[in-house]
Amino acid sequence: MAMMYGIDKYLPCNLFRKIEDILKRAPKFIREEEEASYYRARYKQFSEGLLNRFDLIAKQASFFLVEENYTEHTWKELHALHYANTNYSHSNKVMRVHFWNSDLIEKNRKVDDISQEDIRNGYLGYVTLRPVPDYNLMLSFIMPNWLVLKYDVEAWIMTYERRVHIVGGEVLIKTTPFYFQDTVFIRCAHADMLMFSLFLHHSYNFPRLSISDMIESNRYYPIPNGGLEYSDMLDIFYRNKIPVNFYYKPKRSVEKDFRIECIAVLNSYLESKLPVIVYNDQHVVLVIGHTNESEKRFIVYDDSGYFLSDKAESKNFVGIVKAEDLFPDTGETYMIAATYERVYLNPQEYFHFLDDYLSDYEKKEEDEFPSNFRQCRNIMVDNAILKGFLNKNCMELDNPDIGKQMKLLLETDQPHYLWYSEYTCEDYRYVLLADPTYPSATSETIFPYGGFFCKPEGEGISFLTKVKKRN
């Protein structure tokens with residue numbers, strides 16, 4: 001059995017010493033008082049500038065391992081574009097720090113006995129650190145393992161599977177990457193776009209944005225950079241063939257509360273496992289999930305910590321915010337959401353068709369309409385997954401009409417993705433399917449199969465990872 005070396009018990013001071021040893025930047029001290037004062041100041045910077053940003057992981061950690069030289073594509077590119085031209089003596093490789101909780105090994109075993117098989121137990125994820133002397137700029141990526149990591153409340157978060165290689169061993173995790181701006185070359189909008197495209201690349205094989213992709217249209221790229229407007233972000237996505245939809249929420253008016261529609265649109269993308277960038281007059285954040293509560297709150301990544309410091313009093317990389325924080329009444333808000341190819345009816349347009357269909361249905365089938373539903377979800381679903389779900393969960397296949405609808409659905413060539421609307425009641429789920437390849441101006445029915453009554457057990461169709469609440 002191959003053994004793992006270098007894993008140590010986690011304490012903040014232990015991690016601090018490892019980083020300082022790797023950086024090798026401490027001056028020569030004449031007196032012990034000077035050395036103590038120097039390290040006190042450095043430890044304060046470490047705690048406030050770095051450790052606070054991944055506090056969620058650190059507080060659940062019992063063990064850690066530092067890789068001194070790890071090749072990270074984004075840092076190599078950033079180093080070549082900017083840091084190689086400065087007087088800093090930075091390496092083009094990063095440090096990578098892995099974390100485990102107490103499940104790594106049994107209490108009666110020693111750290112020296114940890115094997116490559118053990119590292120799959122209790123793995124919380126890793127962070128990468130730029131080899132810069134300033135702790136405020138050191139954090140690069142966080143790869144949390146949402147299969148093991150627990151959160152403040154029970155939540156649903158979008159993830160993809162990633163294999164992490166650790167000194168000859170391998171761990172399979174479910175993650176959503178977090179990237180931290182360096183405040184000089186990369187700002188909030190750039191960082192969110194990198195996270196957004198990296199998730200889509202690994203989940204759906206969308207093109208992956210590089211830093212060069214985001215600056216190539218600028219004849220002169222100012223340093224420090226002032227950031228991007230939402231129009232710049234859209235142009236970069238379109239130019240790099242990443243399909244996105246754009247939404248605008250004006251200030252609240254007496255005629256209409258635009259926030260209600262924004263929440264419905266946002267929920268639809270999240271349930272479809274498609275990340276959303278929200279850009280308002282305060283900041284830019286990436287929305288990756290929601291809480292498991294009757295009145296949902298939203299899980300966001302905040303690369304600078306500015307937004308969450310204000311709304312959640314937290315400097316952690318991830319936090320919970322209310323809908324009114326994302327869509328304030330007093331200001332304008334912009335949403336940029338990923339979408340699938342050949343889904344031509346976006347959520348806003350689809351909701352109009354859905355409302356009309358249900359209104360007509362209620363008039364015709366007043367006794368059967370699911371008016372007592374607890375929850376409504378609207379999701380873009382791969383047709384193969386949808387057919388399999390309905391074939392397994394539809395309740396009335398012995399009914400000739402329902403059986404005919406199901407046969408037609410299974411035998412008809414479908415678009416890659418379909419709209420799926422689910423109304424959860426006590427005794428059943430009422431499900432509608434719609435063809436998203438029609439234009440919004442069509443007079444054709446986009447609901448050719450009618451509704452299906454499905455079993456109420458389980459979570460229905462879900463693409464998100466359930467994250468447990470920590471004690």
Side-chain angles (χ1 to χ4, degrees), residues 4 54 56-57 60-61 65 67 70-74 94 96-101 103-104 116-128 140-151 154-179 192-209 242-243 269-276 286-290 292 299-301 317-318 337-341 379-386 388-389 416-417 458-468:
M4 291 292 296
F54 58 90
L56 182 71
I57 295 175
Q60 297 178 50
L65 169 69
E67 292 180 69
Y70 174 72
T71 301
E72 180 183 276
H73 171 81
T74 307
V94 298
R96 184 162 71 151
V97 187
H98 304 274
F99 295 94
W100 290 265
N101 65 22
D103 293 336
L104 175 62
Q116 289 183 355
E117 286 73 26
D118 291 326
I119 63 171
R120 299 168 188 162
N121 304 326
Y123 184 67
L124 296 168
Y126 69 80
V127 303
T128 58
S140 184
F141 270 102
I142 301 175
M143 290 288 178
N145 181 12
W146 290 113
L147 280 176
V148 176
L149 195 63
K150 295 180 180 179
Y151 197 45
E154 193 173 75
W156 291 96
I157 292 177
M158 61 181 72
T159 63
Y160 65 86
E161 289 189 346
R162 180 185 180 92
R163 296 187 182 276
V164 180
H165 296 98
I166 309 171
V167 197
E170 182 180 87
V171 183
L172 183 66
I173 69 173
K174 284 195 171 184
T175 191
T176 312
F178 171 88
Y179 184 70
D192 284 336
M193 293 176 73
L194 283 172
M195 291 187 265
F196 183 93
S197 75
L198 188 61
F199 181 87
L200 294 171
H201 175 72
H202 286 290
S203 297
Y204 309 112
N205 203 30
F206 281 27
R208 176 178 175 174
L209 280 180
I242 297 176
Y269 282 110
L270 295 180
E271 294 291 347
S272 304
K273 208 177 92 167
L274 293 167
V276 179
L286 184 70
V287 189
I288 61 163
H290 59 76
N292 191 22
I299 313 296
V300 303
Y301 275 179
F317 69 99
V318 61
T339 189
Y340 298 116
E341 288 185 300
I379 314 174
M380 290 170 264
V381 183
D382 185 304
N383 81 76
I385 295 173
L386 193 48
F389 173 79
H416 191 168
Y417 291 93
E459 305 291 351
I461 288 182
S462 179
F463 302 119
L464 305 182
T465 298
K466 195 172 189 176
V467 177
K468 295 178 181 178

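In this text, all values refer to a predicted model and were calculated from it rather than measured experimentally.
- Each of Y179, Y301, F141 was evaluated against F317; a single residue qualifies, Y301, per the ring-ring contact (aromatic ring centres under 6.0 Å, His included) test.
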Go through the steps to decide whether V164 and M143 satisfy the test side-chain contact (heavy atoms from CB on, under 4.5 Å), and finish with yes or no.
-> CA-CA 10 Å; V164 180; M143 290 288 178; over 6 Å; no
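- Considering NZ of K273 and CE of M158, their distance stands at 8.5 Å, rounded to 0.5 Å.
- In this structure the side chain of I242 never reaches within 4.5 angstrom of the side chain of M193, judged on heavy atoms.
- Ring pair F54/F99 is tilted by interplanar angle, where 30° to 60° counts as tilted.
- For the pair Y269/V287, no side-chain contact is recorded, criterion being any heavy-atom separation below 4.5 Å from C-beta on.
- Residues L56 and Y151 are in side-chain contact: their nearest non-hydrogen atoms beyond the backbone lie under 4.5 Å apart.
- N145 contributes no side-chain N or O that, together with a main-chain N or O of I173, makes up a donor-acceptor pair within less than 3.5 Å.
- Here the closest heavy-atom approach between residue V171 and residue Y123 is recorded as CG1-CD2, 3.7 Å.
- Across all non-hydrogen atoms, the minimal contact from L124 to I57 is CD1-O, 3.9 Å.
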inquiry  = Could you walk me through whether F389 and V381 satisfy the side-chain contact (heavy atoms from CB on, under 4.5 Å) test, starting with their C-alpha distance in whole Å, then the side-chain angles of each, then the deciding distance to 0.1 Å, before giving a yes or no?
reply    = CA-CA 11 Å; F389 173 79; V381 183; over 6 Å; no
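- Residues I288 and F199 are not in side-chain contact: their nearest non-hydrogen atoms beyond the backbone lie 4.5 Å or more apart.
- Partner of I157 under the side-chain contact (heavy atoms from CB on, under 4.5 Å) criterion, chosen from V318, L464, T176: T176.
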Exercise. Does the side-chain contact (heavy atoms from CB on, under 4.5 Å) test come out yes or no for I119 and L65, once each step is laid out?
Worked result: CA-CA 11 Å; I119 63 171; L65 169 69; over 6 Å; no
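- G289 and L270 get closest at one heavy-atom pair: O-CD1, 3.7 Å.
- Although no hydrogens or angles enter the test, the distance criterion places no donor-acceptor pair under 3.5 Å between the side chain of T159 and the main chain of K174.
- To the nearest 0.5 Å, the span separating OH on Y70 from NE2 on H98 amounts to 8.0 Å.
- Here the side chain of Q60 pairs no donor or acceptor atom with the backbone of L149 at under 3.5 angstrom.
- Checked by atom type, the side-chain pair H416/D382 shows a donor-acceptor distance below 3.5 Å.
- Side-chain atoms of E271 and F463, non-hydrogen and from C-beta on, never get closer than 4.5 Å to each other.
- Within the 4.5 Å cutoff, side-chain heavy atoms of L200 are placed close to those of L274.
- Between the H201 side chain and the P207 main chain, no donor and acceptor come within less than 3.5 Å of each other.
- In this structure, S272 and Y340 approach most closely via the heavy-atom pair O-OH, 3.0 Å.
- N121 is not listed as a side-chain neighbour of W100, based on a closest heavy-atom distance of 4.5 Å or more.
- The aromatic rings of H202 and Y160 sit parallel, their planes meeting at an angle under 30°, below the 60° perpendicular limit.
- Here the CG atom belonging to L172 is positioned 7.5 Å from the CG atom belonging to L147, to the nearest 0.5 angstrom.
- Counting heavy atoms of neighbouring residues, nucleotides and ligands inside a 6.0 Å radius, atom CD of E341 does not exceed 12 of them.
- Across all their heavy atoms, L286 and M195 have their closest contact at CD2-CB, 3.8 Å.
- With values rounded to the nearest 0.5 angstrom, T71 atom OG1 is found 10.0 Å from R96 atom CZ.
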Subject >> Candidate pair W156 and N292, rule side-chain contact (heavy atoms from CB on, under 4.5 Å), full reasoning >> reply: CA-CA 7 Å; W156 291 96; N292 191 22; 3.5 Å; yes
